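Structure first, then comments.
Just so it is clear, the structure is predicted and the values come from calculations on it, not from any experiment. Throughout, protein chains are lettered first and strands after them, A, B, ... in sequence-line order, and every chain is numbered starting at 1.
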Amino acid sequence: MSLQLYNTLTRQKEEFKPRDAQHVAMYVCGPNLYGPAHIGHALSYITFDVLKRYLKFRGYGVKHVQNFTDIEDRIIESAKKENTTIEALAEKYIARFLNEMDSLNIQRADVYPRATEAIPTIIKMTQGLIEKGMAYELDGDVYFRVRADEDYGKLSHRSLDEMEAGARVAVDERKYDPMDFALWKSSKPGEPAWASPWGPGRPGWHIECSAMNLNEHGAQIDIHGGGQDVLFPHHENEIAQSESYTGKQFSRYWVHNALLHLPGQDKMTRHLGGLVLIPEALSRHSSDAIRAFILGTHYRSPLAWTEEGVDAAERGLERLRAAVKDAVASTTLDGAADAALNQAAAETRKKFIAAMDDDLNTAGALGTLYDLARDINRARGEGASPQDLAPAQATLQELAGVLGLMLQEPKRAVSADESEKINALVAERNALRAAKKYAEADKMRAQLTEMGVEITDSAQGTTWRKVR
RNA sequence: GGCGACGUAGCCAAGUGGCCAAGGCAGAGGUCUGCAAAACCUUGAUCGUGGGUCCAAAUCCCACCGUCGCCUCCA
């Protein structure tokens, strides 16, 4: 079997075949930089991070391009509100965005082009579209002529007539068709502007992605991704522009993730409010837990963000983390038991791949990891040595890594002073235990718990960690 | 109005024609441990409702009920 991906263009799962058998050109729509990212963005970028990790796991080289939209009406608005420039605003949110994505263990894209750096290509494409009769100028604005594009609507599967019947947008009477959209917008005095054949202006919202794709990937790409909310009009318009300009099929596969919302509310999006920002989420949960929570549901199903849900994912993760810890027994399994464990690991790998091949069934894939974790933990209980467990543990760690899970104990930073103090208290308690003064020892446990220190006694001694 | 999705155990969620309907959380009982924690073992569902097709349906078809997304800026 090979990877099957749901393609929005054809509305079905298709076998994934990149143009080049070895390399995949992937473009994922990046954020508009008018404000901070939220966990809805996290969901989308985690989804495509897993897609990329899986493609690499399957042996492909991947060139991943993700844009930053750093010029757009809302950015101008936000800059005005914050009394700063669009450049400064963009820099601020780019730094913050990259930092937050790193915290979520999302691998960085290979290139992060910015709309403002693609202006020459944008102008070139706009001009080319005018020359082909696919676009027209009106008082310094340039519009794409949707009626000239015979397959306009093929991605979102709607016809112009249908859309116009239900249109909720105010109609600009100057345009040939109400659905014609701006490639170039003339700017008003005081607004950021670039020189163009049509006078000073700025790019429309959709053309930048077409231009950046052309710059970074060329005319054709394999995968174009984004949230379902940008399917229409953004991606529809991107196809229209790019294919009209190059005369070639733009992207072979279109992948869209469903949206995240809060219980009982609409999708999370910045202009509606009701946001959970990423630092807020990370202050309460590990990045593994956030990822496991998100990946526990298929990427094309909508997901309600709940603190309880993420907490549940965190508790489940503990078993996975326990499974990759060292064995302490000095004995070894007998040959049959050891072979059975290795067999279980091989089975897990197969099932994991089968699940991921099926349109990234991360929930199913995650399930196979829990099964393997149980096998490992059981073997450890039966006296497996570190050498016995190592191969299965390596498999678990590797497959978890495909989902971007690190399986490390979340630890709170502890100062040297504090550490010394805790060590002293733990030693004191152990002295009491050695003297069988258990009541007093338990009082000390309570005291440590009060301090946010969790202690664990075992035959090998007492370990502790700061949990809050 | 147009297009589309979904309804599986207390909660989350895989499975889309045929082995006992994955897995996680929570709950109950147990093993281990001075205690605790962890880990492990045991334990729960005729798959929204009503019809139909089929030797066989959670899985296909129809109807109904309910929830939701997109059609406007948005990951």
Do [X] and [Y] meet the criterion of a side-chain donor-acceptor pair at a distance under 3.5 Å?
X      : Y      : value
A:N99  : A:R96  : no
A:H298 : A:D359 : yes
A:T47  : A:N257 : no
A:E15  : A:S2   : yes
A:K52  : A:H64  : yes

Touch check for [X], heavy atoms < 4.0 angstrom, all strands: base, sugar-phosphate only, or nothing?
X      : answer
A:L369 : nothing
A:G226 : sugar-phosphate
A:R433 : base
A:D371 : sugar-phosphate
A:I455 : base
A:Y438 : base
A:D442 : base

Output the rounded distance in Å from [atom1] ([X]) to [atom2] ([N]).
X      : N      : atom1 : atom2 : value
A:L317 : B:rA39 : CG    : P     : 11 Å
A:Y45  : B:rA75 : OH    : C1'   : 5 Å
A:R158 : B:rC70 : CZ    : P     : 11 Å
A:K466 : B:rA37 : NZ    : P     : 21 Å

Please tell me if [X] has a side-chain N or O lying less than 4.0 Å from either OP1 or OP2 of [N].
X      : N      : result
A:K325 : B:rA39 : no
A:R319 : B:rG24 : yes
A:N257 : B:rA75 : no
A:R315 : B:rG24 : no
A:R11  : B:rC3  : no
A:R374 : B:rC41 : yes

Any side-chain to backbone donor/acceptor pair from A:E100 onto A:I278? Under 3.5 Å, distance only. no
Polar pair under 3.5 Å, donor/acceptor by atom type, side chain [X], base [N]:
X      : N      : answer
A:R445 : B:rA36 : yes
A:R74  : B:rC73 : yes
A:D266 : B:rC68 : no

Salt bridge flag under 4.0 Å for residues A:K437 and A:E440: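 Salt bridge between A:K437 and A:E440, a charged N being under 4.0 Å from a carboxylate O: no.
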Here's a test of your reading of the structure: between A:R429 and A:Y34, which maps to the more 5' nucleotide of RNA chain B? A:R429
Would you mind listing every side-chain hydrogen bond (donor to acceptor under 3.5 Å, both in side chains) that reaches into residues 31-40 of chain A, with sequence neighbours excluded? A:N32-A:E72, A:H38-A:H41
Going by side-chain contact (heavy atoms from CB on, under 4.5 Å), A:Y370 matches just one of A:L366, A:L372, A:T368. Which one?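 By the side-chain contact (heavy atoms from CB on, under 4.5 Å) criterion, A:Y370 pairs with just one of A:L366, A:L372, A:T368: A:L366.
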Give none if [N] has no partner; otherwise give the nucleotide forming a Watson-Crick or G-U wobble pair with it, both distances under 3.5 Å.
N      : result
B:rC40 : B:rG30
B:rU46 : none
B:rG4  : B:rC68
B:rU53 : none

Sugar-phosphate or base contact per nucleotide [nucleotides 12-20 of chain B; S, B, -; heavy atom under 4.0 Å]: -SSS-----
